Amino acid sequence: MEKETCTFSYCARPEVVEHETDLLLIGGGMACCGAAFEATAWANPKKIRITMVDKAATDRSGAVAMGLSAINTYMGGNKVEDYVKYVRNDLMGIIREDLVFDLGRHVDNSVHLFEQWGLPIWKKGDDGFSLDGSQAKDAGKPALQDCKDDAEREKNVVRSGKWQIMINGESYKVIVAEAAKKALQANREATGVDQNHFERVFITRLLLDANKPNTIAGAIGFSVRENKVYIFKAKAMLLAPGGCVNVFRPRSIGEGMGRTWFPVWNSGSGYAMGAQIGAELTLMENRFVPARFKDGYGPVGAWFLFFKAKATDSNKDDYCANKEYIEDAKKKYGKYVDAMGTTIRNHLMMEAMIRGKGPIMMWTNEAMDIISKTFKEKLGDKEGAKRVKHLEAEAWEDFLDMTIAQVGMWAANNIEPDKVPSELIPSEPYLLGSHAGCAGFWVSGPGDIEGTPAEWSWGYNRMSTVNGLFMAGDTVGASGHKFSSGSHAEGRIAGKSATAYILDNMGFSPAIKEKVDDLVNEMYLPYEIYEKYKTYTTSPNHISVNPDFIKPDQYQKRLMKIADEYFGGCGTWFKTSKTMIEEGLKRLQLLKEDSNRLAASNLHELLRCWENYHRVLTAEAHARHILFREESRYPGYYYRSDKDFIDDDNWKCFTNSKYDAATDTWELKKVPYVQLFAL
């Protein structure tokens, strides 16, 4: 079929708006909000312009959109070195320890700012019991930043685990976004620009400079509300639009396909757009398969850590203590089984299910019974019952804060978690770099940590291998377990570094290599195709076969089927092999070719077309990395059935890749792992 080009013969040509800035922030989640807040402090005195572009509305954008009930990364009285070891153990021994240490030494400051901005943080009462944010304030408990030292902070915060603290977080993102928007307003006043915050604008492609090789110059995107295309020119850029969801077919079907653990609007745009211009990726074989409440994807961390609930197989046996499972795992995965990180716990859960001992149940009811009995023994029946009632309210708020769908699923299935247990299951895979995963880009480190190889730092902290292109949050590879607070802190690190880069390159005037008309034509091609061929079928906007185009929902389902069946989705119990991946890549190549026939009937579908194209490139990077690494480094996340073991002798290393968009080829290589902190 002949490749189409957009001539705007069938659809309206958009208005093209050019916007010049110095620092462009792509994304509106925690990382870019952190960057906006931090960068303005350094940029405003120098009249450096900062612009944020968000495809959503920043108040509720990103993975924290619905809210959270805990901040999962807070050092407090813990040592940063211990944080590095925790991350290393959980990510199977391979991380950029310089990046993780750098994050750990800065993250608490962001948490203190959150509380200063209005986030309610739980505190311990004088009687040792927990107080929620409002109770703590009424009791006169000090803010974390007002405590005299870390020891006092540790005495005050309510921990749900070694690194987690409890919050009232329904408005968490709104609070953080407000600080970012105020910072952007201050930048407008300092620089005299009219607009520097664009919402509902989706960036589809990054642009390199015409005169300076391997240097960022700008980006192009379109409004999802009006017929406008935006060309942004910038001296530096932070690419932080989140991770990737819906590459793999979700467990839920039909109307439930919108229910996932990670937000569905995370479409791998950061990974795809960075790769397209040649930025080096690392550990893209890594993915996260969270164990969550079945169908509602409700979080289990607070129930495990704070409420001390137990999870068992159908025989009420603790699968993580099953000697047979553990011994079998040690034969393949060695010492990593002893660390009992997230991947191994997942693996042991799957072993129970595969051996016919499912479903896996979390005994929420028994946990509440134990808590109730303990409170009544310590406080008496009346006061104990009162405390239990308050704790139950907090338990339900845990879900209303961040996974409302879970409450709906419980209600739909007549489940009261304080009376009966709830089923757990491993979800479909997600690609990310900020949670219990470490996919992303190879970036420059801080350069001041003893023992770090010189080649790990090339001048500006968190800059990718493309000059002027910085990463934070999900787009930084080899350094997971940042979570919300860490993503904000990393955004601040990157924002400050990007400002320093701009100051060192004030004479640089970005010039876009491509012709603007060609870029606009490429972007609007799905519109043209739809309008040109929509009459070839009787129902162009419904599920039907059109010989001349494919709609974005059909395209996405093809992608999810390929990924699920060939790249190790939940349909194959996360198992794949060399031959399976190679066959899947053949099918993925056909899907990439069919992207030229994507059709959009409106701006929302145009958004979906480009999101799915980004997903395809992300999926390809993921598959090629699994194929390259000839072992099962992350059992419980994925298995190479033909290489179902961990091979430290040959594969305890980073796997890096570079994509050449001009030739549509990938180059992969090993990069030596270096341990900086003792076991």
Side-chain angles (χ1 to χ4, degrees), residues 30-31 34 68 70-115 121 144-145 147 149-167 283 286 288 301 304-306 336 338-345 432-440 443 445-452 456 461-462 472-474 476-494 654 673-679:
M30 296 295 284
L68 286 176
I71 288 174
N72 288 334
T73 305
Y74 182 69
M75 299 297 112
N78 294 313
K79 294 180 179 179
V80 178
E81 292 86 347
D82 290 339
Y83 171 64
V84 175
K85 296 171 190 176
Y86 149 67
V87 178
R88 182 175 64 204
N89 286 338
D90 204 67
L91 292 171
M92 307 305 281
I94 306 172
I95 60 169
R96 279 280 300 274
E97 297 184 17
D98 60 327
L99 300 178
V100 176
F101 183 88
D102 190 35
L103 183 83
R105 62 183 174 181
H106 289 109
V107 66
D108 283 9
N109 186 256
S110 276
V111 177
H112 299 165
L113 286 171
F114 299 159
E115 187 175 30
I121 295 179
L144 295 177
Q145 68 175 5
C147 294
D149 53 28
D150 285 334
E152 185 180 351
R153 293 185 185 98
E154 204 61 41
K155 288 179 182 178
N156 275 281
V157 294
V158 176
R159 290 278 186 188
S160 58
K162 184 171 183 178
W163 307 101
Q164 300 83 10
I165 61 173
M166 298 295 288
I167 63 173
L283 296 181
N286 181 265
F288 181 39
F304 271 128
L305 299 170
F306 187 70
Y336 296 100
D338 295 328
M340 200 60 72
T342 308
T343 63
I344 297 299
R345 294 196 304 272
L432 46 83
S434 65
H435 202 278
C438 56
V443 300
D448 65 339
I449 298 171
E450 186 178 352
T452 304
W456 286 13
N461 202 350
R462 267 47 173 208
D474 283 312
V476 171
S479 62
H481 286 278
K482 290 171 277 217
F483 303 104
S484 61
S485 55
S487 294
H488 188 272
E490 191 163 54
R492 293 175 65 192
I493 292 168
F654 302 102
Y673 163 75
V674 177
Q675 181 175 305
L676 304 180
F677 296 91
L679 294 172

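Model, not experiment: these values are computed from the prediction. The figures that follow rest on heavy atoms only: side chains count, while hydrogens, waters and symmetry mates do not.
- Side-chain atoms of R96 do not come within 3.5 Å of backbone N or O of V476 as any donor-acceptor pair.
- Atoms CG and CD1, from D102 and I449 in turn, are 5.5 Å apart once rounded to the nearest 0.5 Å.
- The line from CG of D108 to OH of Y74 is 4.5 Å long, rounded to the nearest 0.5 Å.
- The side-chain heavy atoms of D474 and M30, taken from C-beta on, include no pair separated by under 4.5 Å.
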Exercise for the section: Begin with the C-alpha distance, continue with both residues' side-chain angles, and end with the deciding distance and a verdict on side chain to side chain contact (heavy atoms under 4.5 Å, CB included) for F483 and I71. Expected result: CA-CA 8 Å; F483 303 104; I71 288 174; over 6 Å; no
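- Of the possible polar contacts, one joining the R153 side chain to the L144 backbone as a donor-acceptor pair under 3.5 Å is found.
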Handout entry: Residue pair R159, Q164: steps toward the side chain to side chain contact (heavy atoms under 4.5 Å, CB included) verdict
Key = CA-CA 6 Å; R159 290 278 186 188; Q164 300 83 10; 5.7 Å; no
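- Scanning both residues, L679 and K85, for their nearest heavy atoms gives O-NZ, 4.0 Å.
- A donor-acceptor pair under 3.5 Å links the side-chain atoms of R345 to the main chain of M340, judged by distance alone.
- Scanning all heavy atoms of the two residues, the minimum distance from A489 to L103 falls at CB-CD1, 4.2 Å.
- Using a 4.5 Å heavy-atom threshold, the side chains of D82 and F677 count as separate.
- Taking the six-membered ring where tryptophan is involved, the planes of Y86 and W163 are essentially parallel, since the angle between them stays under 30° and well short of 60°.
- The two residues G341 and D90 come nearest to each other via the heavy atoms CA-OD1, 3.3 Å.
- If you take CD on E152 and SG on C147, they are separated by 4.0 Å, rounding to the nearest 0.5 Å.
- Side chains of T343 and Y336 form no contact here, defined as non-hydrogen atoms less than 4.5 Å apart.
- The aromatic rings of H488 and F114 stand perpendicular to each other, their planes meeting at an angle above 60°, with 30° marking the opposite boundary.
- When atom types are taken as modelled, the side chain of T73 and the backbone of H481 share a donor-acceptor pair closer than 3.5 angstrom.
- No side-chain heavy atom of M166 sits under 4.5 Å from any side-chain heavy atom of V157.
- Closest non-hydrogen pair, C438 versus N286, comes out as N-OD1, 2.7 Å.
- The heavy-atom pair separating S110 from S485 by the smallest distance is CB-O, 4.2 Å.
- With sequence neighbours excluded, no residue forms a side-chain hydrogen bond (donor to acceptor under 3.5 Å, both in side chains) with D149.
- The shortest distance between side-chain heavy atoms of E450 and L676 does not fall below 4.5 Å.
- Contact detail for A339 and N89: the closest heavy-atom pair is CB-CB, 4.4 Å.
- The CZ atom of R88 sits 4.0 Å away from the CD atom of Q675 when rounded to the nearest 0.5 Å.
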Practice task
Would you check, one step at a time, whether the test side chain to side chain contact (heavy atoms under 4.5 Å, CB included) holds for E490 with R462?
Solution key: CA-CA 8 Å; E490 191 163 54; R462 267 47 173 208; 2.8 Å; yes
Practice task
Given side chain to side chain contact (heavy atoms under 4.5 Å, CB included), test M75 with V111 step by step and report yes or no.
Solution key: CA-CA 10 Å; M75 299 297 112; V111 177; over 6 Å; no
Exercise for the section: Check the pair K79, D150 against salt bridge (Lys or Arg N to Asp or Glu O under 4.0 Å), reporting the backbone distance first and the verdict last. Expected result: CA-CA 10 Å; K79 294 180 179 179; D150 285 334; over 6 Å; no
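- Judged by distance alone, the side chains of D98 and T452 never bring a donor and an acceptor atom under 3.5 Å apart.
- No side-chain heavy atom of L283 sits less than 4.5 Å from a side-chain heavy atom of I95.
- No donor-acceptor distance shorter than 3.5 angstrom exists from the side chain of K482 to the backbone of H435, with no hydrogens or angles considered.
- Annotation: K155, atom NZ; neighbour count of heavy atoms from other residues, nucleotides and ligands within 6.0 Å does not exceed 12.
- Taken to the nearest 0.5 Å, the CD atom of E97 stands 3.5 Å off from the OH atom of Y673.
- Going from atom CD1 of I165 over to atom CD1 of I121 covers 4.5 Å, rounded to the nearest 0.5 Å.
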